[in-house]
Amino acid sequence: MSSNGSSSGRISDELIDDLSQLSVLLDNSLSKETISSCLNLCELGVEPESLHTLVNHLLRKRQEIQQESEANVEFS
């Protein structure tokens with residue numbers, strides 16, 4: 001079976017690589033694993049808008065935690 005996604009229903013590595021490069025250009029902090037997981041969830045029927053909201057929320061929380069951690073290091 002080919003890995004192009006058309007015959008197996010799987011997302012191709014080439015698509016993941018292309019989206020990863022786009023992610024870098026857009027500076028949105030999504031890893032290949034995250035992109036692959038999001039695409040797989042969409043294939044399973046998760047609404048892209050809901051997934052977008054969740055990913056943005058998680059990215060904001062990660063940034064808040066990093067900022068808090070950096071602030072704690074400054075005060076130590």
Side-chain angles (χ1 to χ4, degrees):
M1 284 206 154
S2 94
S3 64
N4 67 4
S6 60
S7 62
S8 67
R10 291 188 181 152
I11 299 165
S12 73
D13 289 339
E14 183 178 354
L15 176 60
I16 299 297
D17 289 340
D18 290 345
L19 290 173
S20 178
Q21 290 174 4
L22 182 60
S23 174
V24 170
L25 290 173
L26 296 173
D27 193 27
N28 68 9
S29 305
L30 297 178
S31 67
K32 284 185 180 184
E33 293 80 16
T34 301
I35 293 168
S36 179
S37 295
C38 288
L39 290 172
N40 285 323
L41 287 169
C42 288
E43 281 189 335
L44 291 172
V46 173
E47 292 182 25
E49 294 84 7
S50 299
L51 190 54
H52 172 264
T53 300
L54 176 63
V55 169
N56 280 340
H57 175 75
L58 293 173
L59 288 173
R60 280 192 306 272
K61 285 296 184 184
R62 179 178 72 179
Q63 186 177 22
E64 288 174 16
I65 291 169
Q66 287 174 338
Q67 289 173 345
E68 289 174 6
S69 177
E70 290 169 2
N72 288 338
V73 168
E74 290 176 9
F75 292 118
S76 296

- Going only through I, L, V, M, F, W and Y residues with side-chain contacts under 4.5 Å, is there a path from Val46 to Leu58? no
- Which pairs count as side chain to side chain donor-acceptor pair (under 3.5 Å) when at least one residue sits in residues 61-71, sequence neighbours excluded? none
- Message: Are Leu39 and Val24 linked, directly or through intermediate hydrophobic residues, by side-chain heavy-atom contacts shorter than 4.5 Å (ILVMFWY only)?
- Response: no
- For residues 26-38, the salt bridge (Lys or Arg N to Asp or Glu O under 4.0 Å) pairs (sequence neighbours left out) are Asp17-Lys32
Identify every side-chain donor-acceptor pair in residues 48-56 under 3.5 Å, counting partners at least two apart or on other chains, and give the distances.
{"unit_1": "His52", "atom_1": "NE2", "unit_2": "Asn56", "atom_2": "ND2", "d": "2.9"}
{"unit_1": "Thr53", "atom_1": "OG1", "unit_2": "Glu49", "atom_2": "O", "d": "3.0"}

- State the CD-CD1 distance between Glu14 and Ile16, to the nearest 0.5 angstrom. 11.0 Å
- The side chain to side chain donor-acceptor pair (under 3.5 Å) partners of Ser23 (sequence neighbours excluded) come to Asn28
- Indicate yes or no: at least one non-hydrogen side-chain atom of Leu30 is less than 4.5 angstrom from one of Leu19. no
- Item | Member of Ser36, Ser31, Ser37 meeting the side-chain hydrogen bond (donor to acceptor under 3.5 Å, both in side chains) criterion with Thr34 | Ser31
